[in-house]
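This report refers to the structure that appears directly beneath it.
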Amino acid sequence: LETHGVVVARVAMPPLPALAAAQADFFQRHGMGLGGSYGPRRHQALMEQMQRTLEPAERAENARNVLFFRGAERTLRTLPSVVAVGVLEPAPFTSAATSAMQNPNWVSTRRSGGTRDALVPCIVGRASAQAFEVLGVRLQAGRTFTTSDVAEEFTLQETVQFPPARAGTVLTALSGSAIINQVLARRLWPTESAIGKRFYDRGSAARVVVGVVPHFHQSGYNMTVMPAAYYPFTGLRGATSFLVRLSPKASTERVATEAQRTLGELAPGLVRAEVQSMEGVTAASLTNLRLALVLLSVFSIVGSVVAGL
C-alpha cells in the first residue's frame, strides 16, 4: 500500500430524528409483541407492520445520506493539493478493518452456501471507483466499478432493506458487482479466471466478479491476509471512510485539518468526522502489534522461569 501522502477521513451521520422518533413510538406501542410475548405469527406480523411504518422515514434517511456523501466527496476533491478521492470501507489498519477480520462474512460459489467446507470466511466491504488507485493498488484483472454498477447496487440494497412481496424470488433475480482480492479468487476458483464468475454472500443475491486486486494487509493486530470482497459504494449507510491522495509536496497535517473543518461545515452539529494521515493510522496499528509481541515474549520468559523453579 502507498500510504505516504494519503489522508483517511472517517465520516458518520447520526440517525434521522424523524426515524428515531418513529422507532421509539412503535416500540412503545408494540414493545411487548416484539419482545416475544406473542407467538411467532404475531411476532412476524408486528415486524412486517414495523417495516411498513418506518419505511418512509428510512427512505428519507437514505436520501439524506446519499446527498451528504456525494457532497462530501465533491468537497474533498476541491481542497488544495488533493489529487484523488476514493471510498474504502473498511479502510486498512483502522479499527473497522480489525473488526471485519474478527467477524468475517461467509461466501460461497453456491447460493445455498453448501457444506461448511464450501464456505470461505471473507472481509466484505464497500469501495468507490477510485478507492484502490488512491492507495496505489492496481487491478490485476478486470475493471473498476462503473456508474451502472453503483445504480445496480443501489437497487439491490433498497430491495433488501424494503423487501417487496415474494422478496426471495426478487432477490434471486438480482445480482451485484464485486471486486475481490487475489486470495479470494484463488480460494473460489484456484485454476480459473475469476472475472465474470458468480459467488454468494450469505446465500443472498449473486455477486459477479468484475475486478481482482492484489492482496494487502488490513490490520496491525493480525498480519494474516484474508479473502476480501468489495461491493460498490452507494452512500446509503450513515458511515464510511474517505481516502484522499495528496500531491507530493503537500502537508498531510494541513490538509487533514482543512478536511476536518470542511466536512463539519457540510452538516453543522450533525456530522462526526475523524481525519488522520494514513501513515499515522498504520503506525498506530503496528505499534499495538509490536506491544502485543513484546508482552507475549515477556509472558513466555516468565513462564519459562517459573517452570524451572
Side-chain angles (χ1 to χ4, degrees), residues 1 3 6 8-13 65-66 69 72-73 84-108 119-140 142-146 149-150 152-154 156-157 160-161 175-185 187-188 194 199-202 204-245 274 278 281-282 285:
L1 294 178
T3 59
V6 176
V8 56
R10 176 68 179 172
V11 184
M13 289 288 284
N65 291 343
V66 170
F69 286 119
E73 186 170 2
V85 177
V87 170
L88 189 63
E89 182 64 29
F93 294 99
T94 62
S95 58
T98 301
S99 177
M101 293 185 71
Q102 294 171 343
N103 303 282
N105 281 28
W106 295 85
V107 301
S108 171
L119 296 171
V120 176
C122 178
I123 296 172
V124 172
R126 298 276 170 185
S128 66
Q130 285 190 290
F132 300 106
E133 177 188 341
V134 171
L135 288 175
V137 177
R138 292 166 179 79
L139 287 167
Q140 289 187 325
R143 60 171 176 81
T144 189
F145 293 128
T146 65
D149 294 327
V150 176
E152 189 177 58
E153 184 68 20
F154 188 94
L156 178 57
Q157 281 189 263
V160 172
Q161 188 177 4
S175 64
S177 55
I179 293 175
I180 66 175
N181 70 355
Q182 189 180 37
V183 180
L184 182 58
R187 288 288 300 274
L188 296 181
F199 68 94
Y200 301 89
D201 176 3
R202 294 182 177 177
S204 63
R207 292 288 172 177
V208 180
V209 179
V210 300
V212 177
V213 294
H215 59 266
F216 51 85
H217 292 291
Q218 295 278 356
S219 171
Y221 290 92
N222 185 342
M223 296 306 287
T224 302
V225 180
M226 284 187 62
Y230 298 92
Y231 307 153
F233 173 70
T234 61
L236 282 173
R237 300 297 173 255
T240 198
S241 295
F242 287 101
L243 301 177
V244 183
R245 164 68 63 182
E274 298 178 2
M278 193 70 201
V281 172
T282 304
S285 183

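This structure is a prediction, so every number in the text was calculated from the model and none was measured. All heavy atoms count here, side chains included; hydrogens, waters and symmetry mates do not. By convention here, the first residue in the shown sequence is residue 1.
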Practice item. Determine which pairs satisfy salt bridge (Lys or Arg N to Asp or Glu O under 4.0 Å) with at least one residue from residues 235-244, sequence neighbours left out, and list them in order. Key: none
Would you say [X]'s side chain and [Y]'s backbone share a donor-acceptor pair under 3.5 angstrom?
X	Y	result
Asn65	Leu236	yes
Asn181	Met226	yes
Ser99	Ser95	no

Once side-chain hydrogen bond (donor to acceptor under 3.5 Å, both in side chains) is applied, do any residues pair with [X], and if so which ones, sequence neighbours excluded?
X	answer
Thr146	Asp149
Glu73	Arg77
Gln161	Asn62

Taking only residues two or more places apart in sequence or in another chain, which ones pass side-chain contact (heavy atoms from CB on, under 4.5 Å) with [X]?
X	answer
Glu153	Arg126, Leu156, Gln157, Arg207, Tyr231, Pro232, Thr234
Ala127	Leu88, Ala131, Phe132, Phe145, Tyr230
Ala97	Pro90, Thr94, Gln218
Ala194	Ile180, Ala185, Trp189, Val209, Val212

**Study point:** Residues that Arg245 engages under salt bridge (charged side-chain N to carboxylate O under 4.0 Å, His left out), provided they are two or more places apart
**Key:** Glu2
Review point. Rounded to the nearest 0.5 Å, how far does CG of Leu184 lie from CD1 of Ile179?
Key: 13.0 Å
